[in-house]
Amino acid sequence: NFQPIYFIATMDSSYETCAAEYSSDDINVLLKCISDKSEERMKSFASGVDTFYLLFAGALVYFMQLGFAMLCAGSIRSKNVKNVLLWNLLDSCGGAIGFWAVGYAFAYGGDDPSKGKTFIGNTNFFLMNDNGDLHIWFFQFAFACALSSIVAGTIAERCKMSAYLFYSTFLAGFVYPVVAHSFWSVNGFLANGSLTTKPLLGVGAIDLAGSGPVHMTGGVTALVMAIILGPRKGRFYDDKGVALDQPKEFTSHSAALQFLGTFALWFGWYGFNPGSTITISSDEMGNVAALAAVNTTLAASSAAISAMFTSTLIEYRISGRYTWDTTATMNGCLTGLVAVTAGCATVEPWAGFVIGIFAGWFYLAGSAVLLKLKIDDAVDAIPVHMIGGMWGVISTGLFTAPRRLETAFKMTEHVGWFYNMGDFTLLGVQLISCLWIIAWTSVTMGIYVSVLNILGMLRVDPLDEERGMDISVHGGPAYNLEEQQKLKEPKKPEKRNNGQNSGSSDEPDTKV
């Protein structure tokens, strides 16, 4: 009922304004004035609603930083908790400065359809050109921060603070903006038909919220850094460098923090996916956002279930006993969220459910491959974000429904392959998108991280790694275990005199 009430109030205000300007004798002119004023104010109201919606969605996306921080902290050993929490805070600080200075300009600066295809944006550095898009900057800043935090868990417990600061700023300020520009700028070569009149192969890439630009980019970066940085001490090799028969398990120190982080990320995803509609003031966009929320829920749920039961069956086949793996369940859930991010607005709910089931399986397969290759990922961010993101981009090319594509992107041609197996166009573009992200991110981050490694700025000293980053770098552990132990120890009873000293008496002392 709010909109009709606002409309009536607008009409009353418009009448007062027009009545003061025109004579009531000329009724046609007066009515035309009232109509124009009301339409103008309704457009202003809709713009305000859209702005608030995007700010709120951006706040939800930024809340995901808490999820990343808690998940990373809970998944590693207690001697490195302060270090990884500080990293997640610096993702926001360094990401904000880098994205404000150059990142946003590289991604969207100078968008102009008449320019044709461009590789990178070139205006609005330091937000010098206030074009009324500050709410867009805030929303995209939250995306950039999420991207940087993806890598934090993978390289935890062995990366230098200086290297993390350099990498985070470079990723948010340059590497990611180029990918974002290619997908979401009107001048990007992968921009779809809703953004440009000349999309790649007549359709462009369909990725509403960033399975590719955000999650795949972060996942590929994590893979590159994990390879160059090397595994944690004792993970795959002993002190003499001899390979272990089985990887050594570094048990996570807090399942409670892991679950808290998972729930926080899932909650924030309701800003990540539905918020990527950008507007909400029309019934059409409201329906698109609702579909995105439903698919987000179904994919997360089915992925968690598929990963949990599959890991349990695998364990039963190997050991003959059932164990319910909480880590596999949580990471399966997150992989489902990552996978449905691209197609959440263009696939039917049943397809969102199916995407989630396969996401859980792909997570387990990706995690097993990393162990085979002796690539150390402390939180399994690589299979969650790189493999999950790739599956999300590809599955969009398979499951995009014609009516959902038309509603969300105003496009009617080149739908998902399962709807028209004679048309490989959309799936082909999605595959090209994956190859582009892998090539760009691996080359740029590979060169950058290799330089840091050559300069001795990448990996911590072995002694510092052994003691833990909290003591080595931050002046003390995250948990005061000695004080906790003292509280647990029972107090020793005080010795009584028992009248053995001279001058003692069996009678109690009654002196005041």
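No experiment lies behind these values; they were computed from the predicted model shown.
For the pair P402/N420, no side-chain contact is recorded, criterion being any heavy-atom separation below 4.5 Å from C-beta on. Contact of the F45 side chain with the S281 side chain is not registered, since no non-hydrogen atoms from C-beta on lie closer than 4.5 Å. Residues I228 and S450 have side chains in contact (heavy-atom distance under 4.5 Å, counting atoms from C-beta outward). Proximity of M445 to V220: side-chain heavy atoms (C-beta onward) are nowhere separated by under 4.5 Å. The shortest distance between side-chain heavy atoms of N295 and P349 falls below 4.5 Å. For the pair L334/L71, a side-chain contact is recorded, criterion being any heavy-atom separation below 4.5 Å from C-beta on. Proximity of T221 to Y167: side-chain heavy atoms (C-beta onward) are separated by under 4.5 Å at one or more points. In this structure, M216 and V179 have side chains that are not in contact, with every pair of non-hydrogen atoms separated by 4.5 Å or more.
For W100 and Y104, the distance between ring centers is not under 6.0 angstrom. Proximity of the aromatic rings of W440 and F174 is defined here by a centroid distance below 6.0 angstrom, and this criterion is met.
Each side-chain hydrogen bond (donor to acceptor under 3.5 Å, both in side chains) pair with one or both residues in residues 54-70, not counting sequence neighbours, appears once here: Y62-S92, Q65-S149. Screening residues 105-119 for salt bridge (Lys or Arg N to Asp or Glu O under 4.0 Å) gives no qualifying pairs among residues at least two apart or on separate chains.
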Next item on the list: List the steps and the verdict of side chain to side chain contact (heavy atoms under 4.5 Å, CB included) for F267 and L60.
Entry: CA-CA 8 Å; F267 179 74; L60 288 179; 3.5 Å; yes
Margin query: Before you tell me yes or no, could you show the steps for L208 and F409 under side chain to side chain contact (heavy atoms under 4.5 Å, CB included), namely the whole-Å CA-CA distance, both residues' side-chain angles and the distance that decides it to 0.1 Å?
Written below: CA-CA 9 Å; L208 180 73; F409 292 97; 4.1 Å; yes
Margin query: If you apply the rule side chain to side chain contact (heavy atoms under 4.5 Å, CB included), what do you find for T335 with H385, and how did you get there?
Written below: CA-CA 7 Å; T335 308; H385 296 278; over 6 Å; no
Item checked: Verdict with supporting geometry, Y108 and N124, side chain to side chain donor-acceptor pair (under 3.5 Å) -> CA-CA 9 Å; Y108 306 104; N124 206 16; over 6 Å; no
Item checked: Candidate pair I227 and I375, rule side chain to side chain contact (heavy atoms under 4.5 Å, CB included), full reasoning -> CA-CA 6 Å; I227 292 173; I375 297 174; 4.1 Å; yes
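At distances below 3.5 Å, at least one donor-acceptor pair connects side-chain atoms of H181 with backbone N or O atoms of T118. Judged by distance alone, with hydrogens and angles left aside, the side-chain atoms of S168 form no donor-acceptor pair with the main-chain N or O of L165 at under 3.5 Å. Remark: the backbone N or O of S211 is not paired with any side-chain donor or acceptor of T341 at under 3.5 angstrom. The closest donor-acceptor contact from the side chain of N287 to the backbone of D283 lies under 3.5 Å. Not a single donor-acceptor pair under 3.5 Å links the side chain of S367 to the backbone N or O of L364. Judged by distance alone, with hydrogens and angles left aside, the side-chain atoms of K374 form no donor-acceptor pair with the main-chain N or O of L371 at under 3.5 Å. Here the side chain of S311 pairs a donor or acceptor atom with the backbone of M308 at under 3.5 angstrom. Of the possible polar contacts, one joining the R459 side chain to the L229 backbone as a donor-acceptor pair under 3.5 Å is found. Using a distance-only test at 3.5 Å, with no hydrogens or angles considered, a donor-acceptor pair links the side chain of S302 to the main chain of F353. Between the side chain of N273 and the main chain of T296, no donor-acceptor pair closer than 3.5 Å is present.
Partner of L190 under the side chain to side chain contact (heavy atoms under 4.5 Å, CB included) criterion, out of S182, P213, S185, P199: S182 alone.
Side-chain atoms of T412 and E406 form no donor-acceptor pair, as typed in the model, at a separation below 3.5 Å. If you check the side chains of T297 and Y270, you find a donor sitting under 3.5 Å from an acceptor.
Rounding to the nearest 0.5 Å gives a distance of 13.0 Å between NE2 of H414 and OG1 of T400. Note that the CZ atom of F263 and the SG atom of C333 stand 8.0 Å from one another [nearest 0.5 Å]. L427 CG to I206 CD1: the interatomic distance, rounded to the nearest 0.5 Å, is 12.5 Å.
Among all heavy-atom pairs drawn from A303 and A359, the shortest one is CB-CB, 4.3 Å.
Y448 and F170 have parallel rings, their planes meeting at less than 30° on a 0 to 90° scale where 60° marks the start of perpendicular. Taking the six-membered ring for Trp and thresholds of 30 and 60 degrees, F272 and F143 have nearly parallel ring planes, at less than 30 degrees apart. Between F399 and W350, the ring planes are perpendicular. Angles over 60° get that label, and only those under 30° would be called parallel. Classified by interplanar angle (parallel below 30°, tilted 30° to 60°, perpendicular above 60°), the ring pair H215/W269 is parallel.
No more than 12 heavy atoms of other residues, nucleotides or ligands shown are found within 6.0 angstrom of CZ on F166.
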